[in-house]
Amino acid sequence: MMQKLLFAPVLGLLHLMALLPLWALYILSDIIFLLLYHVVRYRVRVVRKNLAESFPEKSEKELRGIERAFYRNFADYIVETVKLLHISDRTILKRMQFEGVEEIDRIFDNGQSIVAYFSHCGNWEWAPSVTLHTRHKPEPGKYAFCQVYRPLRNKPMDRLMLKLRSRFGSTSYPKRTVFRDLLMLRRDGVVSITGFMSDQKPSHGDDIHAVMFLNHPTAIITGTEQLGRKLKMAAVYWDVYKPSRGHYKIVTRLITDDISATEPMSVTDRYAAMLEQTIRRNPAIWLWTHKRWKHPVTMPQNNTEDTCHP
(Lines give C-alpha, C1' and ligand atoms only; values in the text may rest on other atoms or scores of the structure.)
Protein backbone atom coordinates (compact mmCIF):
# COMPACT_ATOMS: atom_id res chain seq x y z
CA MET A 1 0.00 0.00 0.00
CA MET A 2 2.84 2.40 0.84
CA GLN A 3 4.46 1.70 -2.53
CA LYS A 4 1.16 2.46 -4.28
CA LEU A 5 0.74 5.74 -2.42
CA LEU A 6 4.28 6.86 -3.12
CA PHE A 7 4.06 5.82 -6.78
CA ALA A 8 0.71 7.52 -7.46
CA PRO A 9 2.13 11.00 -8.16
CA VAL A 10 4.86 9.47 -10.34
CA LEU A 11 2.25 7.61 -12.36
CA GLY A 12 0.22 10.79 -12.73
CA LEU A 13 3.29 12.65 -14.00
CA LEU A 14 4.05 9.88 -16.50
CA HIS A 15 0.50 10.04 -17.85
CA LEU A 16 0.83 13.80 -18.30
CA MET A 17 4.16 13.31 -20.08
CA ALA A 18 2.63 10.70 -22.38
CA LEU A 19 -0.01 13.20 -23.50
CA LEU A 20 2.71 15.40 -25.00
CA PRO A 21 3.42 15.06 -28.73
CA LEU A 22 6.58 13.20 -29.59
CA TRP A 23 8.37 16.35 -30.81
CA ALA A 24 7.96 17.79 -27.31
CA LEU A 25 9.09 14.53 -25.70
CA TYR A 26 12.26 14.63 -27.79
CA ILE A 27 13.08 18.03 -26.29
CA LEU A 28 12.71 16.35 -22.90
CA SER A 29 14.90 13.52 -24.19
CA ASP A 30 17.65 16.01 -25.03
CA ILE A 31 17.54 17.22 -21.42
CA ILE A 32 17.64 13.63 -20.11
CA PHE A 33 20.66 12.98 -22.33
CA LEU A 34 22.52 15.95 -20.85
CA LEU A 35 21.70 14.81 -17.32
CA LEU A 36 22.59 11.15 -17.87
CA TYR A 37 25.79 11.74 -19.84
CA HIS A 38 27.22 15.04 -18.65
CA VAL A 39 25.87 15.45 -15.10
CA VAL A 40 25.08 12.07 -13.51
CA ARG A 41 27.56 10.23 -15.78
CA TYR A 42 25.31 7.18 -15.56
CA ARG A 43 27.53 4.10 -15.99
CA VAL A 44 29.82 5.96 -18.39
CA ARG A 45 32.83 3.92 -17.23
CA VAL A 46 30.99 0.66 -17.96
CA VAL A 47 29.86 1.85 -21.40
CA ARG A 48 33.33 3.16 -22.27
CA LYS A 49 35.03 -0.08 -21.22
CA ASN A 50 32.52 -2.25 -23.10
CA LEU A 51 32.89 -0.23 -26.30
CA ALA A 52 36.71 -0.09 -26.17
CA GLU A 53 36.99 -3.86 -25.66
CA SER A 54 34.35 -4.69 -28.28
CA PHE A 55 35.80 -2.44 -31.01
CA PRO A 56 39.60 -2.33 -30.51
CA GLU A 57 39.97 -1.35 -34.17
CA LYS A 58 38.12 1.95 -33.69
CA SER A 59 39.80 5.23 -32.81
CA GLU A 60 39.16 7.14 -29.60
CA LYS A 61 37.14 9.70 -31.57
CA GLU A 62 34.96 7.00 -33.12
CA LEU A 63 34.33 5.38 -29.75
CA ARG A 64 33.31 8.69 -28.16
CA GLY A 65 30.93 9.29 -31.04
CA ILE A 66 29.28 5.90 -30.49
CA GLU A 67 29.17 6.58 -26.75
CA ARG A 68 27.33 9.89 -27.14
CA ALA A 69 24.96 8.41 -29.74
CA PHE A 70 24.20 5.54 -27.36
CA TYR A 71 23.16 7.91 -24.55
CA ARG A 72 20.98 9.89 -26.96
CA ASN A 73 19.29 6.65 -28.07
CA PHE A 74 18.87 5.59 -24.43
CA ALA A 75 17.20 8.93 -23.58
CA ASP A 76 14.89 8.51 -26.59
CA TYR A 77 14.02 5.00 -25.38
CA ILE A 78 12.91 6.41 -22.02
CA VAL A 79 10.48 9.01 -23.40
CA GLU A 80 9.24 6.72 -26.17
CA THR A 81 8.41 4.04 -23.62
CA VAL A 82 6.45 6.52 -21.51
CA LYS A 83 4.59 7.55 -24.68
CA LEU A 84 3.10 4.04 -24.85
CA LEU A 85 0.63 5.17 -22.18
CA HIS A 86 -1.05 7.41 -24.77
CA ILE A 87 0.09 6.51 -28.27
CA SER A 88 -2.29 5.87 -31.15
CA ASP A 89 -2.11 2.97 -33.58
CA ARG A 90 -1.75 5.54 -36.36
CA THR A 91 1.36 7.03 -34.76
CA ILE A 92 3.04 3.71 -34.03
CA LEU A 93 2.34 2.51 -37.58
CA LYS A 94 4.18 5.55 -38.92
CA ARG A 95 7.16 5.05 -36.64
CA MET A 96 7.52 1.27 -36.27
CA GLN A 97 7.96 -0.69 -39.51
CA PHE A 98 8.07 -4.47 -39.83
CA GLU A 99 9.41 -6.44 -42.76
CA GLY A 100 9.22 -10.19 -43.24
CA VAL A 101 6.07 -10.67 -41.14
CA GLU A 102 4.85 -13.01 -43.86
CA GLU A 103 7.24 -15.57 -42.30
CA ILE A 104 5.26 -15.34 -39.06
CA ASP A 105 1.95 -15.72 -40.89
CA ARG A 106 3.29 -18.65 -42.93
CA ILE A 107 4.46 -20.52 -39.84
CA PHE A 108 1.16 -19.77 -38.07
CA ASP A 109 -0.73 -21.13 -41.08
CA ASN A 110 1.19 -24.39 -40.58
CA GLY A 111 0.04 -24.57 -36.95
CA GLN A 112 3.57 -24.01 -35.67
CA SER A 113 4.55 -21.84 -32.72
CA ILE A 114 7.57 -19.53 -32.86
CA VAL A 115 10.48 -18.42 -30.70
CA ALA A 116 11.44 -14.85 -31.64
CA TYR A 117 15.05 -14.10 -30.69
CA PHE A 118 15.24 -10.45 -29.75
CA SER A 119 17.65 -8.01 -28.08
CA HIS A 120 17.94 -4.68 -26.28
CA CYS A 121 18.36 -2.74 -29.53
CA GLY A 122 16.54 0.40 -30.60
CA ASN A 123 13.28 0.60 -28.65
CA TRP A 124 12.40 -2.95 -27.76
CA GLU A 125 9.24 -1.82 -25.93
CA TRP A 126 7.67 -0.81 -29.27
CA ALA A 127 8.22 -4.27 -30.77
CA PRO A 128 4.88 -5.76 -29.55
CA SER A 129 3.21 -3.51 -32.14
CA VAL A 130 3.96 -6.36 -34.57
CA THR A 131 0.33 -7.33 -33.98
CA LEU A 132 -0.69 -4.35 -36.12
CA HIS A 133 1.25 -5.77 -39.07
CA THR A 134 0.59 -9.52 -39.10
CA ARG A 135 -2.40 -11.12 -40.80
CA HIS A 136 -3.00 -13.18 -37.65
CA LYS A 137 -4.07 -11.22 -34.57
CA PRO A 138 -4.15 -12.05 -30.86
CA GLU A 139 -7.26 -14.13 -30.32
CA PRO A 140 -8.09 -16.16 -27.19
CA GLY A 141 -8.00 -19.87 -27.91
CA LYS A 142 -6.34 -19.42 -31.33
CA TYR A 143 -3.33 -17.08 -31.51
CA ALA A 144 -1.12 -15.58 -28.82
CA PHE A 145 1.62 -12.95 -29.08
CA CYS A 146 3.80 -13.27 -26.01
CA GLN A 147 6.98 -11.99 -24.40
CA VAL A 148 9.16 -13.12 -21.54
CA TYR A 149 9.97 -10.71 -18.73
CA ARG A 150 11.67 -10.58 -15.34
CA PRO A 151 9.24 -9.22 -12.69
CA LEU A 152 10.38 -6.01 -10.98
CA ARG A 153 10.67 -5.81 -7.20
CA ASN A 154 8.72 -2.54 -7.19
CA LYS A 155 5.17 -3.84 -7.65
CA PRO A 156 3.55 -0.59 -8.92
CA MET A 157 6.33 -0.20 -11.49
CA ASP A 158 5.97 -3.84 -12.44
CA ARG A 159 2.24 -3.35 -13.07
CA LEU A 160 2.97 -0.25 -15.12
CA MET A 161 5.47 -2.06 -17.34
CA LEU A 162 3.06 -4.95 -17.85
CA LYS A 163 0.39 -2.44 -18.89
CA LEU A 164 2.75 -0.83 -21.40
CA ARG A 165 3.78 -4.20 -22.81
CA SER A 166 0.17 -5.29 -23.32
CA ARG A 167 -0.70 -2.12 -25.27
CA PHE A 168 -0.95 -4.01 -28.58
CA GLY A 169 -2.56 -7.19 -27.30
CA SER A 170 0.46 -9.22 -26.26
CA THR A 171 0.80 -11.30 -23.10
CA SER A 172 3.81 -11.22 -20.75
CA TYR A 173 5.03 -14.39 -19.03
CA PRO A 174 7.55 -14.44 -16.15
CA LYS A 175 10.82 -16.13 -17.07
CA ARG A 176 10.48 -18.73 -14.32
CA THR A 177 7.10 -20.00 -15.58
CA VAL A 178 7.31 -19.42 -19.34
CA PHE A 179 7.91 -23.08 -20.24
CA ARG A 180 4.81 -24.14 -18.32
CA ASP A 181 2.80 -21.25 -19.79
CA LEU A 182 3.76 -22.10 -23.38
CA LEU A 183 3.16 -25.79 -22.73
CA MET A 184 -0.39 -24.92 -21.62
CA LEU A 185 -0.93 -22.84 -24.76
CA ARG A 186 0.14 -25.79 -26.91
CA ARG A 187 -2.13 -28.12 -24.93
CA ASP A 188 -5.04 -25.78 -25.62
CA GLY A 189 -4.27 -25.64 -29.34
CA VAL A 190 -3.09 -22.03 -29.28
CA VAL A 191 -0.41 -21.07 -31.83
CA SER A 192 2.00 -18.51 -30.40
CA ILE A 193 4.99 -16.33 -31.07
CA THR A 194 7.08 -15.47 -28.02
CA GLY A 195 9.82 -12.86 -27.85
CA PHE A 196 12.89 -13.81 -25.81
CA MET A 197 15.41 -11.10 -24.92
CA SER A 198 18.44 -13.35 -25.23
CA ASP A 199 21.31 -10.85 -25.30
CA GLN A 200 22.15 -10.52 -21.59
CA LYS A 201 24.21 -12.84 -19.40
CA PRO A 202 22.65 -16.20 -18.49
CA SER A 203 20.85 -16.57 -15.18
CA HIS A 204 22.62 -18.31 -12.29
CA GLY A 205 22.51 -22.07 -12.77
CA ASP A 206 21.84 -21.98 -16.52
CA ASP A 207 23.90 -24.17 -18.85
CA ILE A 208 27.05 -22.41 -20.07
CA HIS A 209 27.64 -22.16 -23.80
CA ALA A 210 30.47 -19.85 -24.84
CA VAL A 211 30.94 -18.07 -28.15
CA MET A 212 33.22 -15.29 -29.36
CA PHE A 213 30.94 -12.27 -29.39
CA LEU A 214 32.05 -8.68 -29.89
CA ASN A 215 35.68 -9.61 -29.31
CA HIS A 216 34.85 -11.34 -26.00
CA PRO A 217 34.52 -14.99 -24.98
CA THR A 218 30.88 -14.78 -23.97
CA ALA A 219 28.47 -17.03 -22.11
CA ILE A 220 25.24 -16.75 -24.06
CA ILE A 221 21.71 -17.59 -22.98
CA THR A 222 20.81 -21.18 -23.92
CA GLY A 223 17.37 -21.48 -22.32
CA THR A 224 15.64 -19.97 -25.35
CA GLU A 225 16.86 -22.74 -27.64
CA GLN A 226 16.28 -25.46 -25.04
CA LEU A 227 12.67 -24.40 -24.53
CA GLY A 228 12.03 -24.09 -28.27
CA ARG A 229 13.62 -27.49 -28.86
CA LYS A 230 11.41 -29.22 -26.28
CA LEU A 231 8.27 -27.64 -27.75
CA LYS A 232 9.38 -28.17 -31.38
CA MET A 233 8.99 -24.48 -32.19
CA ALA A 234 10.24 -22.52 -35.17
CA ALA A 235 12.82 -19.77 -34.58
CA VAL A 236 13.12 -16.30 -36.07
CA TYR A 237 15.44 -13.38 -35.39
CA TRP A 238 14.18 -9.81 -35.10
CA ASP A 239 16.82 -7.62 -36.73
CA VAL A 240 16.50 -4.00 -35.56
CA TYR A 241 17.28 -0.86 -37.56
CA LYS A 242 16.95 2.80 -36.54
CA PRO A 243 16.69 4.79 -39.79
CA SER A 244 16.15 8.09 -37.98
CA ARG A 245 15.15 9.50 -34.63
CA GLY A 246 11.83 8.07 -33.48
CA HIS A 247 11.66 5.63 -36.38
CA TYR A 248 12.51 1.92 -36.18
CA LYS A 249 12.35 -1.09 -38.44
CA ILE A 250 12.36 -4.77 -37.49
CA VAL A 251 13.11 -7.38 -40.13
CA THR A 252 11.95 -10.91 -39.32
CA ARG A 253 14.67 -13.35 -40.41
CA LEU A 254 13.96 -17.09 -40.37
CA ILE A 255 16.47 -19.19 -38.44
CA THR A 256 14.70 -22.57 -38.68
CA ASP A 257 11.22 -24.02 -39.10
CA ASP A 258 11.89 -26.54 -36.31
CA ILE A 259 14.50 -26.10 -33.60
CA SER A 260 14.21 -29.78 -32.64
CA ALA A 261 15.56 -30.76 -36.07
CA THR A 262 18.80 -28.76 -35.68
CA GLU A 263 22.12 -29.58 -34.06
CA PRO A 264 22.34 -28.66 -30.35
CA MET A 265 23.32 -25.01 -29.82
CA SER A 266 23.37 -24.29 -33.58
CA VAL A 267 20.36 -21.97 -33.25
CA THR A 268 22.00 -20.17 -30.32
CA ASP A 269 25.21 -19.76 -32.34
CA ARG A 270 23.26 -18.42 -35.29
CA TYR A 271 21.44 -15.92 -33.09
CA ALA A 272 24.73 -14.67 -31.61
CA ALA A 273 26.13 -14.19 -35.12
CA MET A 274 23.08 -12.31 -36.32
CA LEU A 275 22.98 -10.12 -33.23
CA GLU A 276 26.64 -9.19 -33.59
CA GLN A 277 25.97 -8.22 -37.19
CA THR A 278 23.11 -5.95 -36.01
CA ILE A 279 25.30 -4.30 -33.37
CA ARG A 280 28.26 -3.77 -35.67
CA ARG A 281 25.97 -2.13 -38.23
CA ASN A 282 24.87 0.47 -35.65
CA PRO A 283 26.59 0.05 -32.25
CA ALA A 284 24.79 3.01 -30.64
CA ILE A 285 21.39 1.29 -30.56
CA TRP A 286 22.46 -1.62 -28.28
CA LEU A 287 22.24 -1.41 -24.47
CA TRP A 288 25.87 -0.97 -23.35
CA THR A 289 25.25 -0.14 -19.68
CA HIS A 290 25.17 -3.75 -18.47
CA LYS A 291 28.31 -5.44 -17.14
CA ARG A 292 27.91 -8.13 -19.79
CA TRP A 293 31.44 -9.50 -19.38
CA LYS A 294 31.87 -9.09 -15.63
CA HIS A 295 32.56 -12.80 -15.14
CA PRO A 296 35.07 -14.15 -17.71
CA VAL A 297 34.35 -17.47 -19.41
CA THR A 298 36.68 -19.87 -21.17
CA MET A 299 36.16 -20.85 -24.79
CA PRO A 300 36.26 -24.59 -25.61
CA GLN A 301 39.48 -25.67 -27.32
CA ASN A 302 37.68 -26.45 -30.59
CA ASN A 303 35.74 -23.18 -30.57
CA THR A 304 38.38 -20.48 -30.22
CA GLU A 305 37.71 -18.73 -33.53
CA ASP A 306 35.31 -15.79 -33.78
CA THR A 307 32.16 -17.80 -34.40
CA CYS A 308 29.91 -14.75 -34.53
CA HIS A 309 30.75 -13.60 -38.04
CA PRO A 310 28.22 -15.32 -40.36
Expected output: side-chain Ser59 to main-chain Glu62 donor-acceptor under 3.5 Å
yes

Counting only heavy atoms not in Arg245, do more than 12 fall under 6.0 Å of its CZ?
yes

Using every non-hydrogen atom in the two residues, find where Ala272 and Ile220 come nearest and quote the distance to one decimal.
CB-CD1, 3.4 Å

Taking the side chain as every heavy atom from C-beta outward, state whether Lys58 and Ile66 have any atom pair closer than 4.5 Å.
yes

Find out whether Thr171 and Asp181 are in side-chain contact, i.e. whether some heavy atom of one side chain is under 4.5 Å from a heavy atom of the other.
no

Looking at Lys83 and Leu20, would you say the former's side chain and the latter's main chain have a donor-acceptor pair under 3.5 Å?
yes

Taken to the nearest 0.5 Å, the spacing of Ser192 OG from Lys142 NZ works out to 15.0 Å

Once you round to the nearest 0.5 Å, how far does OG1 of Thr177 lie from CG of Leu183?
12.0 Å

Could you grab the distance from atom CD1 of Ile107 to atom CD of Glu102, nearest 0.5 Å is fine?
10.5 Å

Do side-chain atoms of Tyr271 reach the backbone of Phe118 as a donor and acceptor pair under 3.5 angstrom?
yes

Step-by-step side-chain contact (heavy atoms from CB on, under 4.5 Å) determination, Asp239 to Glu99:
CA-CA 10 Å; Asp239 193 0; Glu99 291 184 8; over 6 Å; no

Pair Asp158 + Arg150, salt bridge at N-O below 4.0 Å
no

Please tell me if the side chains of Pro56 and Asn215 come closer than 4.5 Å, counting only heavy atoms from C-beta onward.
yes

Evaluate the side-chain proximity of Met233 to Leu227: yes if any heavy-atom separation is below 4.5 Å, no if none is.
yes

Minimum heavy-atom distance between Pro174 and Val148, given as atom pair plus value:
C-CG1, 4.4 Å

Knowing that exactly one of Leu28, Ile31, Asp30 qualifies, which makes a side-chain contact (heavy atoms from CB on, under 4.5 Å) with Val79?
Leu28

On the 0 to 90° scale, with breaks at 30° and 60°, tag the Trp293-Phe213 ring pair as parallel, tilted or perpendicular.
tilted

Give the minimum heavy-atom separation between Thr131 and Pro138, together with the two atoms involved.
CG2-CG, 3.7 Å

Please examine the side chains of Val190 and Glu139, heavy atoms only from C-beta on, and report whether any two atoms are closer than 4.5 Å.
no

Answer with yes or no whether the hydrophobic clustering places Tyr42 together with Trp288; edges join I, L, V, M, F, W, Y residues whose side-chain heavy atoms lie under 4.5 Å apart.
yes

In terms of hydrophobic clustering (I, L, V, M, F, W, Y; side-chain heavy atoms under 4.5 Å; direct or indirect links), are Leu13 and Met157 co-clustered?
no

So does His120 get a backbone contact from the side chain of Asp199, meaning a donor-acceptor N/O pair under 3.5 Å?
yes

Got a sec, which residues hit salt bridge (Lys or Arg N to Asp or Glu O under 4.0 Å) with Glu103, two or more places apart in sequence or on another chain?
Arg106

Establish whether Phe70 and Leu34 are linked, either directly or via other cluster members, by ILVMFWY side-chain heavy-atom contacts under 4.5 Å.
yes

Tyr248/Trp126 aromatic ring centres below 6.0 Å
yes

Does this structure show an ion pair linking Glu57 with Arg280, if we count only N-O contacts that are shorter than 4.0 Å?
yes

Step by step, would you call Ile27 with Trp23 a side-chain contact (heavy atoms from CB on, under 4.5 Å)?
CA-CA 7 Å; Ile27 295 174; Trp23 65 262; 4.0 Å; yes

For Ser29 and Asp76, test the side chains for any donor-to-acceptor distance below 3.5 angstrom and give the result as yes or no.
yes

Out of curiosity, Thr256 OG1 to Glu225 CD, how far, rounded to the nearest 0.5 Å?
10.0 Å

Heavy-atom side-chain proximity of Tyr117 to Val267 below 4.5 angstrom
yes

Search all heavy atoms of Leu63 against all heavy atoms of Ala52 and return the closest pair with its distance.
CD1-CA, 4.0 Å

With side chains defined as the heavy atoms from C-beta onward, is the minimum distance between Val130 and Ile250 less than 4.5 Å?
no

Do Val251 and Ile193 share a hydrophobic cluster (ILVMFWY, side-chain heavy atoms under 4.5 Å, transitive)?
no

In terms of heavy-atom contacts, Lys137 and His133 come closest through NZ-N, 3.9 Å

What closest approach, in Å, do Phe108 and Ala144 show between heavy atoms, and which atom pair accounts for it?
CZ-O, 4.4 Å

Taking atom types as modelled, is there a side-chain donor on Thr81 or Glu125 under 3.5 Å from an acceptor on the other?
no

Spell out, yes or no, whether Leu214 and Ile221 are grouped together once hydrophobic residues are joined by side-chain heavy atoms under 4.5 Å, including indirect joins.
no

To the nearest 0.5 Å, what is the distance between CG (Leu287) and CD1 (Ile279)?
10.0 Å

Has the side chain of Ser170 got a donor or acceptor atom that lies under 3.5 Å from a matching backbone atom of Arg165?
yes

Can you tell me how far apart OH (Tyr241) and SG (Cys121) are? Round to the nearest 0.5 Å.
11.5 Å

Got a donor-acceptor contact below 3.5 angstrom from the Ser54 side chain to the Leu51 backbone?
no

Among Asp257, Ile255, Val115, Thr252, which one satisfies side-chain contact (heavy atoms from CB on, under 4.5 Å) with Val236?
Thr252

Cation-pi geometry met for Arg41 and Tyr37 (6.0 Å, 45°):
yes

Where the side chain of Tyr149 meets the backbone of Leu162, is there a donor-acceptor pair that is under 3.5 Å apart?
no

Determine, step by step, whether Arg167 and Asp89 satisfy the side-chain contact (heavy atoms from CB on, under 4.5 Å) criterion, reporting the C-alpha distance in whole Å, the side-chain angles of both residues, the deciding distance to 0.1 Å, and the verdict.
CA-CA 10 Å; Arg167 163 65 182 82; Asp89 288 357; 2.8 Å; yes

For Val101, does its backbone N or O pair with a side-chain atom of Arg135 as donor and acceptor, under 3.5 Å?
no

Is a side-chain donor or acceptor of Thr262 paired with a backbone partner of Asp258 at a separation under 3.5 angstrom?
no

Using the six-membered ring wherever Trp is involved, compare the ring planes of His38 and Phe33 and label them parallel, tilted or perpendicular (cut-offs 30° and 60°).
perpendicular

Looking at Tyr237, I'd like to know if the NZ or CZ of Arg253 sits under 6.0 Å from its six-membered ring centre while staying within 45 degrees of the ring's axis.
no

Using atom types as modelled and distance alone, determine if a side-chain donor or acceptor of Gln112 lies under 3.5 Å from a backbone N or O of Lys232.
yes

Quiz question: by atom type and distance under 3.5 Å, do the side chains of Asp109 and His136 form a donor-acceptor pair?
yes

Could you go step by step and tell me if Glu80 and Tyr26 meet the side-chain contact (heavy atoms from CB on, under 4.5 Å) rule?
CA-CA 9 Å; Glu80 289 167 356; Tyr26 286 129; 2.6 Å; yes

Could you tell me whether the side chain of Gln147 reaches within less than 4.5 Å of the side chain of Pro128, counting heavy atoms only?
yes

Taking the six-membered ring for Trp and the full ring for Phe, Tyr or His, determine whether the centres of Trp286 and Phe55 are under 6.0 Å apart.
no

In terms of side-chain heavy atoms, does Asn73 have a donor or acceptor partner in Lys242 at a distance below 3.5 Å?
yes

